[in-house]
Structure formats: C-alpha cells, structure tokens
Amino acid sequence: MTSRSEPASVVVKNSFWMVAQPLALSLISLFVVGYTARLLGEDQYGRFVLGFTFVAMIAPFANLGLRAITVREVAKRQDESGRFVDMVYSARLILSLLSVLGAIVSVSLTNYPLDTRLVVSLASLTIVLQAVSTTFYDVFQAHEQMQEVAFAQGMTGLAVTALTVAALFAGFRLLGVTVAYVIGNAAGLAVAWARFTRQYRRPRLLIDGPGFASAIVRGAPFFVPGLVAIVGSRVGIVILSAVSGDAAVGHYGAANALVERLGVVPDGICTAFYPTMIALYHRSADEGGRLFKRFFLYMVLLGLPIGVGTTVLARPIITLVYGLAYLDSVAVLQILIWSLFVTFLTSLQSWTLGAIHREKLAGVVAIASTLVNVALSAVLIPLYAERGAAMASLVSAACAYVALWLAIKRHLVAEVTNLRRLGKAVTATAIMGVVSYLLRDMNIAVVLAASVATYAATLWAIKAVTTEEVQLIRGLLFSRAARGI
C-alpha cells in the first residue's frame, strides 16, 4: 500500500465482497423466514427462535476467542502459519464437539417442551459445522480473500434457504425446518473445505497443548466479552419466554430476524476492515486513525438511512413479510433497528480497538453493556413484554457506544469523524425520511426505490461523498468480478 487512499480502497473492495452477496441472499431468504413464521404460527416459531437462541449461548465455547487470534496471527506471518492453523482447526473441532454435548445435556435438564428440546439438540450440530467452516474463513480473511468467504457463506445461505422451502412444502414443520438448517450448514462446510484445500492444503489434526493454551490466553480478551455479550443479548429472549410465552418470543424473533439480516452490512465491513487496520496501524498510528475516521463516516452513511427508513416503513414491512398476525412486531422493529444503527458504530470501534491491541478495553465495555442489558431486561420485559426486550437492547448498545467513543478518542484519534460531512449525512437522511413518510401508503417496492434514489441524489448534490469514492464504488459494481457474483 503506497498511498494514503489505497488502504481504504482495499477495505471498500473487500467490504463489497463481504456485504453485497450476503445482503442480497439475506433479502431473498427474508421471505422464506416470513413464510416459515406464517406456517409455523406464533407459538411454534417462538420455540424455533428460543431453540436457536439456546444454541447461540453455547456456541462461543467452540471459539474461545480463537477467531480474532487466528486472523491476527495468520495476517502477521502468512507464509509460516500452517502449523498454527492446524492447531486451531484441531482445537476448535474438539471444543465444538464438547459444546454440542454441553448443549444437549443442558437442555435435557430444563422444563422446556419436548419439541423445544429436540430443536436445541438438532440445532447444536451446527456448532461443529460452523466451527470448522469459520476456521477456513479466518484464514481467507487474514489473506484478505474476502470473495472466498462471501462465496462459501453464500452457498450456505442458499442451501439453508432451499432446504427450508423444501421442508415446508413437504409438510414438515418445526423439526423439519431445524433439520434443513443443519443440512444447509453441512453443505456450506463442504464448499468451504473444497475452496480451502484447493488453495492451501488439507488441514491436519495437531494436538499441541502448550500452543493451544497460549492461544487461549491471547484469545481470552476476545472470548470473555464476546461470550458475555452473546449470552446477555439472548437472556432477554429467555426471560421473555418465561414471562410472556412463546407467542411474544415469536413477535420479537420476527422483528429481530429482519434486523439480523441487515446486520451482514456492519459484519461484512468490519471483517474486511480488521486485517487492513492491523497492518496499517502497525506501520503508522496516524494512518490507522485516518482509516478509522473514514470508515466511521461510511458506517453513519449506511446505518442512518436504514434506521430512519425502517422506522417509517415498519408496519408495511412487517405486514408484507409476516402478515397481520405479527403486527405486534412493528414497535419491536422500530426499536431494534436503532440498536442496529448503533451496532454499525460499535462494531467498527470494537474491532479497531482489537486491531490496535486494546481488546481488553473493548472487552470490559462489552461486559459492562451486557450487564446493563440483562438488568434492564429483568425490569422492562415484565412491564412491556417484547418491546421491553427491544428497549433494553437499544439502551445497552447506546451505553457501549459512548464508552467505546471515549476509548477511541483516548487511544487513537481525538476527533472521531468529520463533523461537516456528518452534518451532510444527517441532512440527506432527513430528506429521504420525508420522502419515505409521504409515500408510505404506496407499494413498498416503489417507496424503497424512491427513498434510495432520493438519498443517493442528495448525497451527490450536497457533496457528502467524494468523486474518488463514487468512482471506486462504480468500479466495483460494474467490474467483471462484481458481475460474477
């Protein structure tokens, strides 16, 4: 990277691979999720959500912080990382098998209905499949081969989507859909295995106790806060199930499914951003700071219109995807979408702190915000049911943002972003919001198209984005590689 603009170009290009394809697939699968929720009904869909929530709380034990450590170590010593990758592959395989056993034993000790326990037992198999797949993803990410990650994840999503539809058409319901998710993840692993072995070699089982212990120690600052954050964010669903029943979980899960599918945007950008930030900060702290400021603005430019547009159009979106039976999900979506906006910013902040070796600080913030979430869930869910769970998520995310903002100002840059360009982003979003509101009763596709066009035109008119940035995005959209997606 020889010029100041090149690192940002690399991240934008890799972000395109990590966002465009998964986002398109998520939007397609969204209607499958809606179809699933309609056929299963509020109660059974709530059990489906609860079952996978339980598995998500166990899954971090198959990781132990090794994902971030793998990316960082392989990025630093790309040509000498074979033994390290073998060790991580073996460790995560063993850890995931133990996690599956833990999930099955744990759920068998609960008082959940039999079908919920069966969902957990079946869904826990995805822990092993995803643990192995993501080991390959981490190596691709470290080599900045984001197109490989995007392809494998895309194939997984397509397999899950197709198999879910097939299961529903065949007359299967809760357990059939769960099995479809498991088989779809197995297909995704097969694709990742084939792509990895073609470019590198077959991973080998390597039991290296001292190496594994060392990696676990280095990964602890990522694992502990990550575990606390995942468990804390899912505890609200467990409390909601106990206090308000499966239907309330179904309403919350319906709105949350929409938000999670949009979550591929910050996830994809940060996945591409992290290895570049590691290398750039290692070379120059000032250049690392400039890269962060630039992408902080990009996160606002992407996240703010999503928040405003979804808030205005929440009712027609829920009605279109899930039907009138899920109208209680409208208010939940309007709250959760702002949690997503905050996540755009906190994800970038957290991964930046990890890249500059301040992961312990990011971990403390994650733990503290999770404790806030759990405490608020315990208070707000009995009062407001599914809306209370959403409010707890939003407030805790906002607390995390403030703490991470202070950390970034102290350890990286005094000014987090360009206030003038930030003001232009707010202006463009406000104009788009007015257009969305005025057209809200029209066909949702027409409203979305008009809103996107208005936002893009306003950004260009008030020069909120530079000519260089527009040319880069245009090149990605019309390049031969992009057409191959």
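Contact record, Gln44 with Leu174: O-CD1, 3.7 Å, taken as the closest heavy-atom pair. Across all their heavy atoms, Leu348 and Cys270 have their closest contact at N-SG, 3.6 Å. Contact record, Tyr137 with Ala192: CE2-CB, 4.0 Å, taken as the closest heavy-atom pair. Heavy-atom minimum distance, Val300 versus Ala425: CG1-CB, 4.3 Å. The shortest non-hydrogen separation linking Ser99 to Ile127 is CB-CG2, 4.0 Å. In terms of heavy-atom proximity, Pro382 sits nearest to Val379 at CD-O, 3.5 Å.
Note that Arg195 lies in the cation-pi zone of Phe151, set by a 6.0 Å cut-off to the ring centre and a 45° limit from the axis.
The side-chain hydrogen bond (donor to acceptor under 3.5 Å, both in side chains) check on Asp115 picks up Arg47, with sequence neighbours excluded. Contacts of Thr178 classified as side-chain hydrogen bond (donor to acceptor under 3.5 Å, both in side chains), with partners at least two apart in sequence or in another chain: none. Residues passing the salt bridge (charged side-chain N to carboxylate O under 4.0 Å, His left out) test with Glu42: none are found, sequence neighbours excluded. In this structure, Arg38 has no side-chain hydrogen bond (donor to acceptor under 3.5 Å, both in side chains) partners at least two apart in sequence or on a different chain. Listed by chain and number, the residues in a side chain to side chain contact (heavy atoms under 4.5 Å, CB included) with Ser393 are Leu336, Ser339 (sequence neighbours excluded). By the side chain to side chain contact (heavy atoms under 4.5 Å, CB included) test, Val179 pairs with Leu122, Ile183, sequence neighbours left out. Leu459 pairs by the side chain to side chain contact (heavy atoms under 4.5 Å, CB included) definition with Leu301, Ala428, Tyr455, Ala464, not counting sequence neighbours. Partners of Leu118 by side chain to side chain contact (heavy atoms under 4.5 Å, CB included), not counting sequence neighbours, listed by chain and number: Leu114, Leu175. Scored by the ring-ring contact (aromatic ring centres under 6.0 Å, His included) test, Tyr112 finds no partners at all (sequence neighbours excluded). In this structure Ser347 satisfies the side-chain hydrogen bond (donor to acceptor under 3.5 Å, both in side chains) test with no other residue, sequence neighbours excluded.
Atom-to-atom distance recorded for Gln349:CD and Ile408:CD1 is 6.0 Å, nearest 0.5 angstrom. Of the inter-residue distances, the one linking Arg261 atom CZ with Asn256 atom CG reads 9.5 Å to the nearest 0.5 angstrom. Rounding to the nearest 0.5 angstrom, the gap separating the OG1 atom in Thr346 from the CH2 atom in Trp405 is 15.5 Å. Between atom OH of residue Tyr281 and atom CD1 of residue Ile356 there is a gap of 5.0 Å, rounded to the nearest 0.5 Å. Note that OH of Tyr401 is 14.5 Å distant from OG of Ser369, once rounded to the nearest 0.5 Å. We find the CD1-CZ distance between Ile335 and Arg387 to be 7.5 Å, quoted to the nearest 0.5 Å.
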For Ile269 and Tyr298, run side-chain contact (heavy atoms from CB on, under 4.5 Å): C-alpha distance rounded to whole Å, both residues' side-chain angles, the deciding distance at 0.1 Å, then the answer. CA-CA 10 Å; Ile269 293 173; Tyr298 292 167; 5.9 Å; no

Would Leu324 and Leu327 satisfy side-chain contact (heavy atoms from CB on, under 4.5 Å), going step by step from the backbone distance to the final call? CA-CA 5 Å; Leu324 295 176; Leu327 281 180; 4.1 Å; yes

What do the steps show when you test Met57 against Val235 for side-chain contact (heavy atoms from CB on, under 4.5 Å), and what is the final call? CA-CA 9 Å; Met57 296 169 68; Val235 163; 4.2 Å; yes

Can Val447 and Arg440 be said to form a side-chain contact (heavy atoms from CB on, under 4.5 Å), step by step? CA-CA 7 Å; Val447 181; Arg440 66 189 184 281; 5.7 Å; no

Just do the ring pair (Phe, Tyr, Trp, His ring centres under 6.0 Å) check on Phe136 and Phe140 with the steps written out, would you? CA-CA 6 Å; Phe136 302 148; Phe140 286 135; 7.7 Å; no

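Put simply, the side chain of Leu340 reaches to within 4.5 Å of the side chain of Phe344, judged on heavy atoms. Counting heavy atoms from C-beta on, the side chains of Leu304 and Phe341 come closer than 4.5 Å. Using a 4.5 Å cut-off on side-chain heavy atoms (C-beta onward), Thr70 and Thr135 make no contact. Counting only heavy atoms from C-beta outward, the side chains of Leu258 and Ile318 approach each other to under 4.5 Å. Counting heavy atoms from C-beta on, the side chains of Leu404 and Ser350 come closer than 4.5 Å. The closest side-chain heavy-atom distance from Tyr384 to Met391 is below 4.5 Å. Between Leu412 and Arg358 the shortest side-chain heavy-atom distance does not fall below 4.5 Å. Here the side chains of Leu240 and Ser244 are in contact, with some heavy-atom distance below 4.5 Å.
Applying the 6.0 Å contact sphere to NZ of Lys293 captures more than 12 heavy atoms from other residues, nucleotides or ligands. Within 6.0 Å of the CZ atom in Arg173, the count of heavy atoms belonging to other residues, nucleotides or ligands exceeds 12.
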Under 3.5 Å, sequence neighbours excluded: what are the donor-acceptor pairs made by side chains of residues 430-439?
from: Ser436; atom 1: OG; to: Met432; atom 2: O; distance (Å): 3.0
from: Ser436; atom 1: OG; to: Ser451; atom 2: OG; distance (Å): 2.6

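Identified under the side chain to side chain donor-acceptor pair (under 3.5 Å) test for residues 325-336, with sequence neighbours left out: none.
Considering Thr311, Val259, Thr310 as possible partners of Trp338, the one that fulfils the side-chain contact (heavy atoms from CB on, under 4.5 Å) test is Thr311.
Ring geometry, Phe48 versus Tyr181: the interplanar angle exceeds 60°, so the pair is classed perpendicular (tilted spans 30 to 60°).
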